[in-house]
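Accompanying notes for the structure given below.
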Amino acid sequence: MATLYEGYTLCGVGPVQNSSNIGILGVEQGGDIDHVLVTDTSRSITVYKVSDQKPTGSWSVKQGQIISCPAVFNTQSQEYVVVTDDRVVRVWKEDDVNLEKAFKATVSADVLKVLSATDSEPVVLFCCGAVRFLDSLLASPQQPMEDVLTEDEIIRWSTIVKAEHQLVILFSTEQRGEHCLYVQRFNPNTLVKHRFETEPGLSAPISFSATCRGSNIHLLYLYLNGSVYESVLPFRSSSTGAEGVQALSRSLCLSLPLGEEKLMSGAAVVLDEAHVAVVGFPHPSAGACKDYLCIWNTHFQTLQASKEMAGRIYSQLWCYSGKLYVPHGKMLSVIPFDCQKSSLAAAMGKQKQTSQSGKDFSNIKSALTVDQLIQHIKTSAVEDVQAEVGEFIRRTPQADLQLAAGRVALELVSRSQTDANFYPQCAFLLLLETRYLCYSVCPELLSLAMVKKDFHLCQIAFQIFSDIPEAVTCACLKTILSTPDLEMETVNLDMDSVIFMKELTQAHSRSDEEGGQLNGFCHPALESDVSDTPSNKLQRDPFALDMSCPVGLHKGALLNEVLQTAYSDRSLLPHLKDLTVPQVIVFLQYLRFLYLKYSHDAHKQIRALRTPSISQIIDWVCLLLDAHFTVLAVAPEAKRLVFDLHKFVRSQVKLYAELGKIEGSLQVLKSSKQSEDFGMYAIQVIELF
């Protein structure tokens, strides 16, 4: 059995000019399972956080330079590696901004690819067939490279596999119609050459995929006639390569349907010992001119799952951490999948559901699979479902639970939307606590929680989900602001967030106690309307001194979660216009309250795990003013609030102006070189001008 889940777009890509290929050189695993490194042909390299579908870093080469192969991440040194213009190896870290200023070395021969495996030093494969570990190459970049291949022999594909802390390099070559496989092993260093079997009318393999299972390397390769073969190579071999070219034995493991149209390309990736993902070949029962991603069972020759992909599918396919990366149309999509242990009945779709009648409830729970659990969710009572979900989470291995959590959540949400009497809040919270859910996996969960006014679930989702769309964020914000404080105070929320709000409202400003300013902040009521006389210093505007919180503690705790969500200004701004004027005013009043407290460091006196930053507060103020400036300018009830906000801005401008006056002196202090010989005592005079 295999399942393809709902996918999502990681990034947009464009076709290469005057070419039938899409502009992606490669997708490589990043620093962890949630990051990938995308190298395109438009001179750029981008790191994406997959769960957010957002870039975390991007670098480009100069105009006229060419990226020769996909960039990789060196997990040992936490650095990125790429080759440009065939011979320039570049190495840089996450915080390096300019690729031109990063380390680079020019090597003596053309590089084909940099191959990287987790917790291992990258290996550089040269077009001539020579290999070098990265560190030894960079230590002597101009070292000569031996010619492993003959003059007209060309490498068509290469990869690296790792097992038992050992690395093996595989690469296939073509020479005058003859196709060979080279196996480069280390410790001891041996290179063995194999020849692919040929038959009339059978061209070269168009796609390869290698995995290591046990003590063997399993190489799967696909031909244009739909034949998928597998060759098994020992991970450790006594052969030294001196025996000459060896025949590569193979076995046919799958024959794909061809359809009526002539195929020009395709790709296949091994998912596990019984399943393979394929693109470029037609669905056996779909019409022509439709591109599909399919998962086939190689043991029983059956189609297990398929998904139609919008736009043309290109002959590229990658698989990392239970997700398939498929370029199609003008986008790169991420498709999560799940492969279960195969049996003939399951492969033929005839697996019977065992009857649960007459069994003890605890025995049912201990034996439930994810499919059985989903069937129970459709019919069982809320209490039974919540107990079964809890037991399922406790008993399921983490690797399996990561894939199953989304399916269970989707089924729970589906029934909750159609059955008004069914809402398993505890089950939802248990699934959220696994940290295996994100918004894109179960997009209706947050909307359902808003409809049910389940603010506790909303709060946890805001803390865990990092990919909430801006439209949903604004919809949640509108619901929170429109809910009366009295109703909100009865909601069970995270106690840490409520305690923070309670202590923040009761905290006394240290600057008030000390009678001065703190962090350069001057209360706007004192800024321009008060003289320096002690008597006038106490004559403050009672309204401006109002430090009371305009919303209840629980509503404030939820608003703090909204302030900390990730967003794009351009995407958020149109949705903020859906807020009513009273809602905008209340929200701005709350932001003003936070700003006053934060400016006097009241929040630093409170220990809390999650609190909004002052920059987040200011950003939201700016966004709200941008979205509703015209209305706020003419609304009488907003006049005093806008006037106070104007004073806040003016005080900050004055602060920065004063800091600007001493910028030159600060630069002198920073650049001044202190004497290295101080002895026991020294006086240093620094002239400020």
Side-chain angles (χ1 to χ4, degrees), residues 2-27 36 38-42 44 46 48-55 206-207 222 226 256-269 271 275-296 303-339 403 406-407 410 414 438-444 467-472 568 571:
T3 306
L4 288 169
Y5 298 111
E6 190 65 31
Y8 46 89
T9 301
L10 182 65
C11 61
V13 291
V16 181
Q17 189 175 6
N18 301 323
S19 173
S20 61
N21 295 323
I22 202 166
I24 290 184
L25 281 178
V27 178
V36 293
V38 178
T39 307
D40 60 43
T41 54
S42 64
S44 68
T46 307
Y48 289 94
K49 186 176 182 181
V50 181
S51 59
D52 291 354
Q53 301 109 62
K54 294 180 180 178
I206 60 172
S207 178
L222 168 67
L256 297 171
L258 295 179
E260 299 178 357
E261 295 186 0
K262 182 180 180 181
L263 299 179
M264 301 301 295
S265 60
V269 170
L271 305 182
H275 296 91
V276 58
V278 179
V279 294
F281 282 74
H283 189 288
S285 58
C289 302
K290 291 186 177 180
D291 287 323
Y292 279 82
L293 166 66
C294 297
I295 295 181
W296 289 83
L303 178 64
Q304 295 291 283
S306 62
K307 182 180 289 291
E308 184 177 358
M309 308 299 290
R312 177 187 174 189
I313 287 185
Y314 300 84
S315 303
Q316 293 175 301
L317 184 63
W318 295 272
C319 177
Y320 300 109
S321 306
K323 299 179 182 67
L324 291 165
Y325 295 81
V326 188
H328 63 104
K330 295 183 178 180
M331 65 190 74
L332 174 64
S333 288
V334 182
I335 314 292
F337 69 90
D338 180 22
C339 293
L403 297 172
R407 294 182 61 193
L410 286 169
S414 178
C438 60
Y439 179 86
S440 56
V441 168
C442 190
E444 297 297 324
D467 59 340
I468 301 174
E470 288 79 357
V472 177
S568 164
S571 301

Practice prompt. Dump the intermediate steps for side-chain contact (heavy atoms from CB on, under 4.5 Å) on Ile24 and Trp318, then the final yes or no.
Written response: CA-CA 12 Å; Ile24 290 184; Trp318 295 272; 3.7 Å; yes
Discussion item. Could you walk me through whether Leu324 and Leu317 satisfy the side-chain contact (heavy atoms from CB on, under 4.5 Å) test, starting with their C-alpha distance in whole Å, then the side-chain angles of each, then the deciding distance to 0.1 Å, before giving a yes or no?
Written reply: CA-CA 7 Å; Leu324 291 165; Leu317 184 63; 4.3 Å; yes
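Counting heavy atoms from C-beta outward, Asp467 and Tyr8 have side chains that stay 4.5 Å or more apart. With a 4.5 Å cut-off on side-chain heavy atoms, His328 and Leu293 do not count as touching. At least one side-chain heavy atom of Lys323 sits less than 4.5 Å from a side-chain heavy atom of Val50. With contacts defined as side-chain heavy-atom distances shorter than 4.5 Å, the pair Leu258/Phe281 qualifies. At a threshold of 4.5 Å between non-hydrogen side-chain atoms, the residues Tyr325 and Leu332 count as touching. The closest side-chain heavy-atom distance from Pro469 to Tyr439 is below 4.5 Å. Looking at Leu10 and Val36, their side chains come closer than 4.5 Å, going by heavy atoms from C-beta outward.
Interatomic distance, Leu271 CG to Gln304 CD, rounded to the nearest 0.5 Å: 11.0 Å. Between Lys307 atom NZ and Leu4 atom CG the span is 6.5 Å, to the nearest 0.5 Å. To the nearest 0.5 Å, atoms OG (Ser315) and CD1 (Ile206) are separated by 6.5 Å. For the atom pair CG of Asp291 and NE2 of His283, the computed distance is 12.5 Å after rounding to the nearest 0.5 Å. Rounded to the nearest 0.5 angstrom, Ser333 OG and Gln53 CD are separated by 10.0 Å.
Between the side chain of Tyr320 and the main chain of Val27, a donor-acceptor pair closer than 3.5 Å is present. Under a 3.5 Å cut-off, the side chain of Ser207 and the backbone N or O of Ala268 do form a donor-acceptor pair. Side chain of Asp338 to backbone of Leu403: no donor-acceptor contact under 3.5 angstrom is found.
In terms of heavy-atom proximity, Gly280 sits nearest to Ile313 at N-CG2, 4.4 Å. Residues Cys319 and Val269 share a closest heavy-atom pair of CB-CG1, 3.6 Å. Between Pro327 and Gln316, the shortest heavy-atom distance links the atoms CD-O, 3.3 Å. Across all non-hydrogen atoms, the minimal contact from Leu222 to Gly266 is CD2-C, 4.2 Å. Leu410 and Pro443 make their closest contact through CD2-CD, 4.5 Å (heavy atoms, listed as atom of the first residue, atom of the second, distance). Minimum heavy-atom separation, Cys294 to Ser306: SG-CB, 3.9 Å.
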